[in-house]
Visitor: 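Let me begin by handing over the structure; questions about it come next.
First the proteins, then the strands, lettered A, B, ... as listed; each starts at 1. The basis for the numbers below is simple: all heavy atoms, side chains too, and nothing from hydrogens, waters or symmetry mates. Note that the coordinates shown come from a computational prediction; the quantities given were computed from them, not determined experimentally.
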Amino acid sequence: MNPVNEFSHFKMDVLKEVGNIGAGNAATALSRLLDKPVDMGVPTVALVPFEEIADRVGGSEQIVVAVFLRVEGDAPGNMFFIIQEESAKRLLSNLLSIELDNGLTYSEMEFSALSEIGNILAGSYLSSLADFTKLSMAPTVPSLAVDMAGAILSYGLLQFGTMGDDALLIETSFLEDKEEVEGHFFLIPDPESFEKIFLALGVPTE
Amino acid sequence: MKQQIKVGMADLNIAAEGEVLKTTGLGSCVGLTLYDSTAKVAGMAHIMLPSSEIAREENFNKAKYADTALPMLIEHMLKLGASIGRMTAKIAGGAQMFMFAGQQDTMRIGPRNVETCKTLLGGYSIRLAAEDTGANYGRTIELDSSNGILLIRSVQHGVKEL
């Protein structure tokens, strides 16, 4: 039995707050990077069947730009920062002031810039979470991929794979002021990490 | 347009009479396909993990693990008139989507899925006719039950036929 199946509403709300704090900080960081206001959506916390996770970013075959980091420390997990290709190109042209062609190819410079953006955002997400929970959460070096959403996201589901056919996902989306850049954060804590997060936040465990 | 049968993640299905099996977004997962060219019966499994020994759940989904998906797939195909002796296999996927220094075991899951599938096929003496595995990109595959041709689509390499 997947233990996360039985989380109470209260626990789900706590996890929403986790998403709120983390993504809020990341959105602030992005806003500073772009020097533009960035709006954040209400986080969603849900137990999502593997099959449906990619639907949240346009479907399994949708090509997305994804930065993946493994979270290490007291509460390990997987983290993705996912943006659509158009958003990635706009992000790059805003930041680097270079016009990009419409091809699928990215130069090494563009790749490394996207990686660094992902790194900054994920880092601010995790450090605010670590402050809030007093748990150590350190990101690994980010890894970037431009590929099908299904192929990318399935990578973050392996830890849940041995426990069931769905994963608990903390998702927050954000939108740059003029809707030029849209992105998604996915935090998928390992199944064992939830109790540690709850314990750290003083949520009674039944 | 041929009748298309979708195979989800950690799922398997069979097809006959010209139906086409399709699964999308294979990353580290492996698309294991079997075909009996005489009976024109095809089978496809979207396998996520190599061995059910690591399952921490009861009544687990057999299609998720290679060692339980293959026997189940064969069993379903036999019911449609296929025979193990005539089956050939094609596999795709098992990529390593992200590279890290100091790889954890779970992070090398793609290659392990592929190795396990090959070993299991050997156990049934099913010949591996073709494979498109490994590397670092996602794949979508389609198996045509009328001719056993496996189409593999990827972002970087377009469409490839096995």
Side-chain angles (χ1 to χ4, degrees), chain A residues 1-3 5 48-55 57-70 72 76 78-80 85 103-106 115 118 139-167 190-192, chain B residues 6-11 22-31 46-65 92-110 112-113 135-141 153-158:
Chain A
M1 187 65 195
N2 198 332
N5 278 337
V48 184
F50 292 160
E51 189 52 30
E52 291 168 21
I53 287 178
D55 292 344
V57 288
S60 173
E61 287 191 279
Q62 175 70 46
I63 298 166
V64 295
V65 177
V67 177
F68 170 71
L69 313 109
R70 176 87 187 137
E72 291 174 339
N78 295 315
M79 171 161 237
F80 293 94
E85 285 214 275
L104 268 174
T105 49
Y106 292 80
S115 236
T140 59
V141 174
S143 186
L144 183 87
V146 182
D147 213 314
M148 302 175 191
I152 285 170
L153 284 168
S154 64
Y155 213 65
L157 306 177
L158 298 171
Q159 283 78 10
F160 266 96
T162 58
M163 305 194 70
D165 289 333
D166 26 36
D190 290 357
E192 296 76 19
Chain B
K6 194 170 188 260
V7 178
M9 192 185 292
D11 184 20
K22 180 178 183 180
T23 197
T24 58
L26 288 166
S28 59
C29 297
V30 166
H46 185 138
I47 289 162
M48 202 173 163
L49 295 162
S51 167
S52 60
E53 279 167 28
I54 56 171
R56 287 180 291 171
E57 46 180 340
E58 287 168 40
N59 304 321
F60 60 84
N61 168 8
K62 287 186 178 166
K64 186 160 56 185
Y65 303 96
Q96 183 138 355
M97 299 299 294
F98 298 97
M99 292 291 177
F100 288 101
Q103 297 271 335
Q104 267 183 289
D105 229 23
T106 47
M107 298 296 157
R108 286 197 315 109
I109 201 76
R112 278 169 57 210
N113 280 336
N136 63 346
Y137 55 88
R139 297 167 174 92
T140 283
I141 60 170
R153 217 171 273 128
S154 63
V155 176
Q156 301 159 31
H157 304 281

Visitor: Can you see which heavy atom on A:Ala151 is nearest to which on B:Gly138, and at what distance?
Guide: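 What the structure gives for the nearest pair is CB-CA, 3.6 Å.
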Visitor: Which atom names give the shortest non-hydrogen contact between B:Asn136 and A:Asp147, and what distance separates them?
Guide: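 That closest heavy-atom pairing would be O-OD2, 4.1 Å.
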Visitor: Tell me the closest heavy-atom pair linking A:Thr162 and B:Tyr65, and the distance in Å.
Guide: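 The answer is CA-OH, 3.4 Å.
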Visitor: Counting only non-hydrogen atoms closer than 4.5 Å, does A:Leu157 touch chain B with its backbone (N, CA, C, O), its side chain (CB onward), both, or neither?
Guide: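 Both the backbone and the side chain of A:Leu157 come within 4.5 Å of chain B.
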Visitor: Sort B:Asn59 into side chain, backbone, both or neither according to what part of it lies under 4.5 angstrom from a heavy atom of chain A.
Guide: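 Neither part.
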Visitor: Output the option from B:Ser52, B:Gly25, B:Ala55, B:Gly8 having the highest count of non-hydrogen pairs under 4.5 Å with chain A.
Guide: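 Of the options given, most contacts go to B:Gly25.
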Visitor: Got a sec, which residues hit side-chain contact (heavy atoms from CB on, under 4.5 Å) with B:Lys62, two or more places apart in sequence or on another chain?
Guide: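 Expected list: B:Phe60, B:Thr68, B:Met72.
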Visitor: Given the rule in the side-chain contact (heavy atoms from CB on, under 4.5 Å) test, do B:Thr140 and A:Met148 qualify, once you have shown the distances and angles that lead to the verdict?
Guide: CA-CA 9 Å; B:Thr140 283; A:Met148 302 175 191; 3.4 Å; yes
Visitor: So, for A:Leu158 and B:Met48, which heavy atoms are closest and what is the spacing to 0.1 Å?
Guide: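 Reported closest heavy-atom pair: CD2-O, 4.1 Å.
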Visitor: Could you tell me which non-hydrogen atom of A:Tyr155 sits nearest to which non-hydrogen atom of B:Ser28, and how far apart they are?
Guide: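 Shortest heavy-atom separation between A:Tyr155 and B:Ser28 comes out as CD1-OG, 3.8 Å.
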Visitor: Is it the side chain or the backbone of B:Ile54 that comes within 4.5 Å of chain A heavy atoms, both, or neither?
Guide: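 For B:Ile54, heavy atoms of backbone and side chain both lie under 4.5 Å from chain A.
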Visitor: Using a 4.5 Å cut-off on heavy atoms from C-beta on, say whether the side chain of B:His46 contacts that of A:Glu51.
Guide: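 Heavy-atom side-chain distance check fails, nothing below 4.5 Å.
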Visitor: Do you know which two heavy atoms are closest between B:Thr24 and A:Ser60, and how far apart they sit?
Guide: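 Closest pair (atom of B:Thr24, atom of A:Ser60, distance): OG1-OG, 2.9 Å.
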